[in-house]
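This report concerns only the one structure given below.
Counting convention: from 1, in listed order, for ligands and their atoms alike.
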Amino acid sequence: MAEQSNHTDGRTRTCGLIGNPVEHTMSPVIHNTLAANFGHNLVYVPFHVEKDLDKAVEGAYALNILGMNVTVPYKTDVIASLLEVDELASRIGAVNTLVRMEGGYKGYNTDMPGLYRAMKEDGILIENADIVILGAGGVARAVAVLAADKKASRIRILNRTVEKAEAVVQEVKEYFPSVDVQAMPLSDYAKLDGKEWIAIQATSVGMFPKVDAAVIEEAGFYEKVKVGYDLIFNPSETKFMTLLKHAGKEAYNGLKMLLYQGIIAYELWNECEVTKEQAAVVYEKMKKEMGC
Ligand code: NAP
């Protein structure tokens with residue numbers, strides 16, 4: 001695959017990222033590598049937006065920018081500046097990708113389809129599975145909507161602040177009234193029956209630099225799980241993953257989710273399909289960038 005190209009001319013299309021901060025983003029690696037590989041005349045640039053989000057979106061449209069990613073802290077606030085919002089993104093309540101259309105941008109959420117595609121590639125299917133989600137923040141809520149949308153058999157949301165998990169349950173039930181979803185405090189993990197749970201770690205516990213912690217440390221939890229996904233990708237092996245491995249279970253980090261959220265955005269902007277082989281090359285580049 002070609003290296004990232006720096007060539008720009010009068011026909012170059014621009015995509016970018018809106019966020020604060022954006023200094024450590026991996027997205028340029030994903031998109032500029034794909035552009036070089038496809039031979040697309042496209043550059044991807046991070047934009048540090050401190051305030052005036054609505055003006056940033058308006059300005060992007062005026063500058064003929066093809067598409068934008070949106071990251072922390074704007075994934076929910078950006079919705080007010082959009083012409084249309086895709087149905088899944090609307091249910092999740094967060095947009096991370098803007099696609100240019102006549103008169104403005106349409107908002108999508110590619111984080112969750114990205115997680116789904118990453119899990120599928122690793123042979124893990126949500127359909128008819130028992131899913132335990134750790135956390136009840138923005139990402140955990142999105143995972144709960146994804147799990148309900150993909151018809152998981154049972155969904156359990158465990159959080160330190162159980163009221164937040166209960167609020168997520170209510171939100172999920174608004175769209176999926178018949179889904180089997182319940183909130184529990186983290187300490188109630190022993191009430192999960194069976195040993196076939198797919199665990200999705202969606203808290204910030206264990207993230208660099210505080211790498212020596214897992215949101216549940218007790219071995220009893222990991223015995224109930226058949227496979228675990230940590231949405232954190234720095235460090236590449238979190239303590240949650242180490243505990244899973246000690247229990248003899250499969251463990252994955254969140255780097256592939258990051259890869260596929262980017263790939264799905266790129267496909268939306270360019271109306272193309274990224275092959276598995278292209279994805280694998282970008283993934284290797286991301287791992288190199290992460291130093292792993
Ligand atoms: P958030 O809204 O701030 O939620 C944080 C969650 O972590 C809450 O459930 C919170 O529990 C819990 N938590 C924090 N400190 C805790 C502690 N000491 N003990 C127990 N629970 C604790 O964060 P978010 O935006 O949902 O992001 C969550 C994670 O997803 C982050 O680590 C981020 O790296 C990851 N992520 C990955 C990707 C990817 O592409 N792979 C994309 C986006 C995000 P309380 O409710 O009790 O406070």
Side-chain angles (χ1 to χ4, degrees), residues 17 19-22 24-27 29-31 69-78 89 92-97 108-119 121-122 132-146 156-169 171 183-189 199-218 221 228-241 243 251-266 279 282-283 286-287 289-290 292:
L17 170 71
N20 183 16
V22 294
H24 301 292
T25 177
M26 187 81 85
S27 292
V29 173
I30 301 174
H31 296 288
N69 283 135
V70 181
T71 189
V72 176
Y74 299 129
K75 288 187 184 186
T76 300
D77 291 351
V78 77
I92 290 169
V95 158
N96 77 320
T97 300
Y108 292 84
N109 184 301
T110 71
D111 282 330
M112 287 308 111
L115 174 62
Y116 181 72
R117 205 147 136 186
M119 290 175 76
E121 196 178 280
D122 291 327
V132 53
I133 300 167
L134 304 180
V139 174
R141 183 185 180 284
V143 174
V145 171
L146 173 75
R156 299 293 176 263
I157 303 169
L158 275 58
N159 197 42
R160 175 178 62 178
T161 314
V162 73
E163 293 78 14
K164 281 199 206 165
E166 280 160 359
V168 173
V169 165
E171 285 165 354
M184 294 159 71
L186 288 168
S187 52
D188 272 3
Y189 70 80
I200 301 183
Q201 200 304 107
T203 76
S204 45
V205 181
M207 199 157 63
F208 181 82
K210 294 184 180 167
V211 299
D212 201 22
V215 67
I216 298 179
E217 304 256 354
E218 292 87 342
F221 172 72
Y229 241 88
D230 199 328
L231 303 190
I232 293 171
F233 51 84
N234 186 15
S236 60
E237 181 172 324
T238 60
K239 184 156 186 205
F240 170 80
M241 291 168 65
L243 290 167
Y252 299 90
N253 68 24
L255 196 65
K256 209 177 259 182
M257 167 182 167
L258 185 70
L259 165 74
Y260 277 113
Q261 66 72 32
I263 283 178
I264 296 167
Y266 193 92
V282 180
Y283 191 49
M286 291 167 77
K287 285 204 275 191
E289 199 79 12
M290 293 291 302
C292 55

Nitrogen or oxygen atoms of A202 and ligand 1 under 3.5 Å apart: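 In fact, backbone or side chain, A202 has no N or O that close.
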R160 N/O under 3.5 Å from ligand 1 N/O: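 Indeed, backbone or side chain, R160 has an N or O that close.
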Separation between [atom1] of [X] and [atom2] of [Y], rounded to the nearest 0.5 Å:
X: K239; Y: I216; atom1: NZ; atom2: CD1; result: 12.5 Å
X: E171; Y: I92; atom1: CD; atom2: CD1; result: 12.0 Å
X: S204; Y: K210; atom1: OG; atom2: NZ; result: 9.0 Å
X: D230; Y: L255; atom1: CG; atom2: CG; result: 12.0 Å
X: L134; Y: R156; atom1: CG; atom2: CZ; result: 13.5 Å
X: T25; Y: H31; atom1: OG1; atom2: NE2; result: 8.0 Å

Intermediate values then yes/no, side-chain hydrogen bond (donor to acceptor under 3.5 Å, both in side chains), N253 and E237: CA-CA 7 Å; N253 68 24; E237 181 172 324; over 6 Å; no
From CA spacing to verdict: side chain to side chain contact (heavy atoms under 4.5 Å, CB included), V143, M112: CA-CA 7 Å; V143 174; M112 287 308 111; 3.9 Å; yes
Nearest-contact summary for [atom] - protein heavy atom, Å:
atom: atom 24 (P) of ligand 1; answer: V139 CG2, 3.7 Å
atom: atom 42 (C) of ligand 1; answer: M257 CE, 3.9 Å
atom: atom 37 (C) of ligand 1; answer: L231 O, 3.1 Å
atom: atom 5 (C) of ligand 1; answer: S204 OG, 4.1 Å
atom: atom 45 (P) of ligand 1; answer: T161 OG1, 3.4 Å

Within-shell test, D111 vs ligand 1, heavy atom, strictly < 4.0 Å: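 D111: no contact with ligand 1 (<4.0 Å).
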Ligand 1 versus N159: contacting region, heavy-atom distance under 4.0 Å: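 Within the 4.0 Å criterion, N159 contacts ligand 1 through side-chain atoms alone.
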Flag: protein heavy atom within less than 4.0 Å of atom 18 (N) of ligand 1: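 At least one protein heavy atom is under 4.0 Å away.
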Atom 3 (O) of ligand 1 protein-contacted, heavy-atom criterion under 4.0 angstrom: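 No; the ligand atom in question lacks any protein heavy-atom contact below 4.0 Å.
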For [X], the ligand 1 atoms whose distance to one of its heavy atoms is below 4.0 Å:
X: G138; result: 2 (O), 26 (O)
X: K164; result: 45 (P), 46 (O), 48 (O)
X: I232; result: 32 (O)
X: V205; result: 15 (N), 16 (C), 17 (C), 18 (N), 19 (N), 20 (C), 21 (N), 22 (C)
X: L258; result: 40 (O)

Mutual orientation of the aromatic rings belonging to Y229 and Y252 [parallel < 30°, tilted 30-60°, perpendicular > 60°]: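 Rings of Y229 and Y252: parallel, as their planes differ by under 30°.
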Which is closest to [atom] in terms of heavy atoms, [options]?
atom: atom 12 (C) of ligand 1; options: L186, L158, T203, T71; value: T203
atom: atom 1 (P) of ligand 1; options: G114, G137, G135; value: G137
atom: atom 33 (C) of ligand 1; options: K256, K210, Q261, M207; value: M207

D111 versus N96, side-chain donor and acceptor atoms under 3.5 Å: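 Checked: N96/D111 side chains pair up, N/O donor to acceptor below 3.5 Å.
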Closest approach of Q261 to S27 (non-hydrogen atoms, all atoms of both residues):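 Closest approach of Q261 to S27: NE2-OG, 4.4 Å.
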CA sep, side-chain torsions, deciding dist, call: I232, Q201, side chain to side chain contact (heavy atoms under 4.5 Å, CB included): CA-CA 8 Å; I232 293 171; Q201 200 304 107; 3.7 Å; yes
